[in-house]
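Working notes for the structure below.
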Amino acid sequence: MTRTGSADLVIVANRLPVDRVTASDGSRQWRRSPGGLVSALEPVMRANDGAWIGWPGDAGQDLKPFVDDGMSLVPVGLTADEIAEFYEGFSNGTLWPLYHDVVAKPEFHREWWEAYVAVNKRFAERAAEVASKGATVWVQDYQMQLVPQMLRELRPDLRIGFYLHIPFPPAELFQQLPWRRQLLEGLLGADLVGFQLGGAAQNFIRLVRQRVGHKTHRDLVYLPDGRMVKAAAFPISIDAAGFEDLARSPAVERRAKTIREALGSPRKVFLGVDRLDYTKGIYPRLRAFAELIRDGHLDVEDAVFVQVATPSRERVEQYRILRDDIDRLVGRINGDLGRIGRPAISYMHSSYPREEMAALYRTADIMVVTPYRDGMNLVAKEYVACRFDNDGALVLSEFAGAADELRQAWLVNPYDINGMKAALLEAYHAEPKELSRRMKALRKTVIEHDVAKWAGSFLAELAATRPSHGKVVRPARRS
Ligand code: GDG
């Protein structure tokens, strides 16, 4: 019999919402890592004696649970081998490329799978210990797909939700996975499985019918034991008001002005902001921009492309190759097309505080978001939230989940360089009236559907899936 804990709401995610940092006096401290998920869940966590289970981000330590700023945090340690096999291996070398249209080739290794099973088990056991009787547990993302089933076996009294932040692939691709059935069964441990888009939920339902043989009807799976599992779309969003407030602050406004001057006060600034990831389509977007200069449609005196690529998964081979490819491309473009003090591309491989991101969004006349495949893409929504003057243009890939909602963007196919060139040029020459018409509509969507609404609707739906079962999550208290 597993001991039960006191948390009425438990979040299980690969990472804790804090980072270990070394202070100036050499002591190790926790720093809250800002992110939409944390800020959306914080109020509801406080109202429900919430606990967050996750990996602290470095090897070996098994730290005691602790309270940070009113939130109970439960660290799960990973060994160096587990980081290599569970995290860099199965999560980021197998599932990530497989779930993103095999943009890169997924690798299948049995040792990686075994590590994935072992780590998911550890997370499920921790969740079983901290959850109170009848509590709600919300499991996050592709690193944790076996947790719902493992947890249900340990604690059938719980109400369990799962949310996938990345795309869920069509059956034709998912089928490649040697452990396809185990992953589907893992997810079916949840009462509600949430996806970014309706198409992903349908892919899941179809696979469950074909591969596991359960009866399904529309968005429901009927299990032999009488339990039902619902699969539905909950498109994630951002703290839109928080971003807008930041963008309106005098410090950010001043910084945006300084950035533009430092760039040589060009007529128009193009901007890309991404984790340095092969799914994000950084390469074709820079090529499209460079060709516009080479062809004489744009001039480096008038236009500059600022690309921020945040370091990511640097120990994974494909990410190292990508970094070299982008370095080489930027070097070649600037070598061929730049003039003294006027590079065509201003490239930063670095991460910045939130204020600097807001200042960059304020500086950018044309935001370019061109992933080959993306679950949602929050950068596109953050840009829109910061454009309170109703100006600025968004060029957005059709293959980002965000394209489903942000219809008034200039939508592009990142595989079609000529199409992208035409859209970049159109956005560059767009009249203020056209920009304002589009941006107003985009802003309405982003402001009305923020991340608090996303979390609230998922939790409400989860509570409704088994109304007579378990405790009901209390809504966040308004401050
Ligand atoms: C996954 C899915 C889905 C980036 N650089 C810096 C920085 N960022 C912030 C951005 C944005 C976030 O990171 C990136 O979110 P995205 O949605 O663009 O992409 P992924 O990291 O791939 O996220 C994605 C998301 O999960 C949520 O479900 O939308 O599809 O792949 O918020 O602003 N933030 C700071 N400095 C940086 O240098 N402070």
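Note that ligands are numbered from 1 as they come in the structure, with each ligand's atoms numbered from 1 the same way.
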**Q.** Residue I236 vicinity, atoms of ligand 1 by number, heavy atom under 4.0 Å
**A.** 27 (C), 28 (O)
(Q) Checking contacts here: is it the side chain or the backbone of R373 that comes within 4.0 Å of ligand 1, counting heavy atoms only? Could be both or neither. (A) neither
(Q) For the aromatic rings, using the six-membered ring if either is Trp, is the centroid distance between W55 and F86 under 6.0 Å? (A) no
Q. Going from CD on Q307 to CG on L329, what distance comes out if it is rounded to the nearest 0.5 angstrom?
A. 10.5 Å
(Q) Are any of the N/O atoms on W96, whether in the backbone or the side chain, positioned under 3.5 angstrom from an N/O atom of ligand 1? (A) no
Q. Between S397 (side chain) and P371 (backbone), is there a donor-acceptor pair under 3.5 Å?
A. yes
Q. Can a cation-pi geometry be assigned to R354 and F243, taking NZ or CZ under 6.0 Å from the six-membered ring centre and within 45° of the ring axis?
A. yes
Q.
Within ligand 1, which atoms have a heavy atom of R275 less than 4.0 Å away?
A. 20 (P), 21 (O), 22 (O)
Q. For ligand 1, which atoms sit closer than 4.0 Å to a heavy atom of Q196?
A. 3 (C), 28 (O)
Q. Looking only at N/O atoms, are H100 and ligand 1 under 3.5 Å apart anywhere?
A. no
Q.
I'd like to check whether G375 has a polar contact with ligand 1, where a contact means an N/O of the residue lying under 3.5 Å from an N/O of the ligand.
A. yes
(Q) Contact between ligand 1 and Y99 is defined here as a heavy atom of the residue under 4.0 Å from a ligand atom; is it met? (A) no
**Q.** Residues in salt bridge (Lys or Arg N to Asp or Glu O under 4.0 Å) contact with R328, at least two apart in sequence or another chain
**A.** D325
Q: Using a strict cut-off of 4.0 Å, indicate which atoms of ligand 1 neighbour a heavy atom of Y361.
A: 33 (O)
**Q.** Residue pair T465 / L192: nearest heavy atoms and the distance that separates them
**A.** CG2-CB, 4.3 Å
Q. Given that the side chain starts at C-beta and the backbone is N, CA, C, O, which of these parts of M376 lies under 4.0 Å from ligand 1, counting heavy atoms, or is it both or neither?
A. both
Q | Heteroatom distance test (S351, ligand 1): nitrogen or oxygen, under 3.5 angstrom | A | no
Q. Should the proximity of F243 to ligand 1, defined as any heavy atom under 4.0 Å, be assigned to the side chain, the backbone, both, or neither?
A. neither
Q.
Check whether D68 reaches the backbone of M71 with its side chain - one donor and one acceptor, N or O, closer than 3.5 Å.
A. no
Q. What's the shortest heavy-atom distance between A135 and A7, and which atoms?
A. CB-O, 3.4 Å
Q.
Check contact between E356 and ligand 1, using heavy atoms of the residue and a distance below 4.0 angstrom.
A. no
**Q.** Sub-4.0 Å atoms of ligand 1 with respect to non-hydrogen atoms of E382
**A.** 10 (C), 11 (C), 32 (O), 33 (O)
Q) At under 4.0 Å between heavy atoms, which part of V379 makes contact with ligand 1: side chain, backbone, both or neither? A) both
Q | cation_pi(R313, Y87) dist<6.0 Å, angle<=45 | A | no
(Q) Over 60° means perpendicular and under 30° means parallel, so tell me whether Y319 and Y278 are parallel, tilted or perpendicular. (A) tilted
Q. Near R354, which atoms of ligand 1 are under 4.0 Å from a heavy atom of that residue?
A. 39 (N)
Q: Kindly indicate, with the supporting measurements, whether the criterion side-chain contact (heavy atoms from CB on, under 4.5 Å) is fulfilled by L394 and Q408.
A: CA-CA 8 Å; L394 174 64; Q408 296 79 10; over 6 Å; no
Q. Using heavy atoms and a threshold below 4.0 Å, how should the contact between L378 and ligand 1 be classified: side chain, backbone, both, or neither?
A. both
